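Shown next, in structure tokens, is the structure this report addresses.
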Amino acid sequence: MTTQAVAKPLTGRVAVITGASSGIGEASAEHLAALGATVVVLARRAERLAELVTRIEKEGGTALAVAVDMTDAAAVQAAAARVAAELGGADLLFNNAGVMLPAPVTELATEQWQRQIDLNITGLMNAIAAFTPQLVAAAAERGVADLINTSSIAAQNIFPTFAVYAGTKAFVTHLSRHLRAELGSQNVRVSALEPGIVGTELQSHVTDEGALEWLAGSKESMEWLTAEDVAQTVGFIASLPARVNLQQVTIMPTGQAS
Ligand code: NDP
């Protein structure tokens, strides 16, 4: 009996993943690498990225770490130039870095509002500005490229005290719909990924007592998603035939009602 090597679905692809030093981004980098993609991992914590690259390489994958603050447009452009020079450009951007800092609006936590807007909106746009030309070029050459933006269930539903975060994520979902309409004709698929609660470092940045209590109660009452669950979904979106674009994917813990 002969054994045939099964081709990995993402072999030959170059995937840039933002927010890759922890949580969903980290798990997705490992998963996309296991599916055959060369992964470029972006975040600020260089040490965490270096450990991730070592782990991916140990499993036989290929990875490049670029430490970058997504809110720094020039630094993100420089990261994209490096991807172009060293890997010939990206054909998948998982635009995922984000921060969630809930607080009652009457507390006027303006510094936290700004941090969320700076990363979840401006940082996301910085990546789109830097990598869209590469996605379009790759799609023209190879017939497909992917822009997957991490939104949230908060883009759809109402979570009191999460107004600014939810607003940034509504931006991400609606932006994605519009970009899909523009880029689809150029073979670039655009997806908004909207997870419910996932156990990651995201919750560790929350300082508001009420939100912390709500999160603790939620953790008691249901089994949260894992970062790996979301990573599998990202891999699925990217592995579909080029004609298939999952526009908006909501992934919820089974026990989370809304
Ligand atoms: P984590 O906190 O584990 O990951 C956030 C990532 O973003 C880290 O890698 C962090 O790395 C990076 N990051 C933060 N600030 C910056 C910055 N200025 N520049 C570059 N990178 C930055 O959270 P998750 O994995 O949960 O979050 C990933 C995405 O998923 C976010 O967009 C979040 O809003 C979204 N999401 C999460 C849900 C959840 O319940 N966990 C639910 C719905 C959506 P570093 O600090 O090294 O820079």
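In listed order, ligands and their atoms are each counted from 1. As a basis for the values below, the full set of heavy atoms in this structure was taken, side chains included, without hydrogen atoms, waters or symmetry mates. Everything quoted here is computed from the prediction, not taken from an experiment.
For ligand 1 and L202, the ligand atoms under 4.0 Å from any heavy atom of the residue are 1 (P), 2 (O), 3 (O), 23 (O), 26 (O), 27 (O), 33 (C), 37 (C), 38 (C), 39 (C), 41 (N). Listed by number with element, the atoms of ligand 1 under 4.0 angstrom from any heavy atom of G196 are 40 (O), 42 (C), 43 (C). The contact set between ligand 1 and A20, taken as ligand atoms under 4.0 Å from a residue heavy atom, comprises 9 (O). Within the listing of ligand 1, atoms 11 (O), 21 (N), 47 (O), 48 (O) sit less than 4.0 angstrom from a heavy atom of A43. Against a heavy-atom cut-off of under 4.0 Å, L119 is close to the following atoms of ligand 1: 14 (C), 15 (N), 16 (C), 17 (C), 18 (N). Taking a cut-off of under 4.0 Å to the non-hydrogen atoms of G23, the atoms of ligand 1 that pass are 3 (O), 25 (O). Less than 4.0 angstrom separates some heavy atom of I197 from each of these atoms of ligand 1: 40 (O). Residue V68 has at least one heavy-atom neighbour below 4.0 Å for each of these atoms of ligand 1: 19 (N), 20 (C).
The shortest N or O to N or O distance between T71 and ligand 1 is not below 3.5 Å. Of the N or O atoms in V99, none lie within a sub-3.5 Å distance of an N or O in ligand 1. Close N/O approach between P195 and ligand 1 is not found [any backbone or side-chain N/O within under 3.5 Å].
Note that CD1 of I251 is 11.5 Å distant from CZ of F236, once rounded to the nearest 0.5 Å.
In this structure, S22 and R48 have side chains that are in contact, with non-hydrogen atoms separated by less than 4.5 Å.
Under the 4.0 angstrom criterion for non-hydrogen atoms, G199 is not in contact with ligand 1. Taking a 4.0 Å cut-off on heavy atoms, G123 fails to register as neighbouring ligand 1. For K169, the heavy-atom gap to ligand 1 drops under 4.0 angstrom. Ligand 1 is never approached by W224 to a heavy-atom distance shorter than 4.0 Å. A heavy-atom separation below 4.0 Å is not found between L42 and ligand 1.
Under 4.0 angstrom from ligand 1, there are no non-hydrogen atoms of E26.
Taking atom 1 (P) of ligand 1 as the reference point, the nearest protein heavy-atom neighbour is S22 OG, 3.4 Å. Looking only at heavy atoms of the protein, atom 44 (C) of ligand 1 is closest to S151 O, 3.2 Å.
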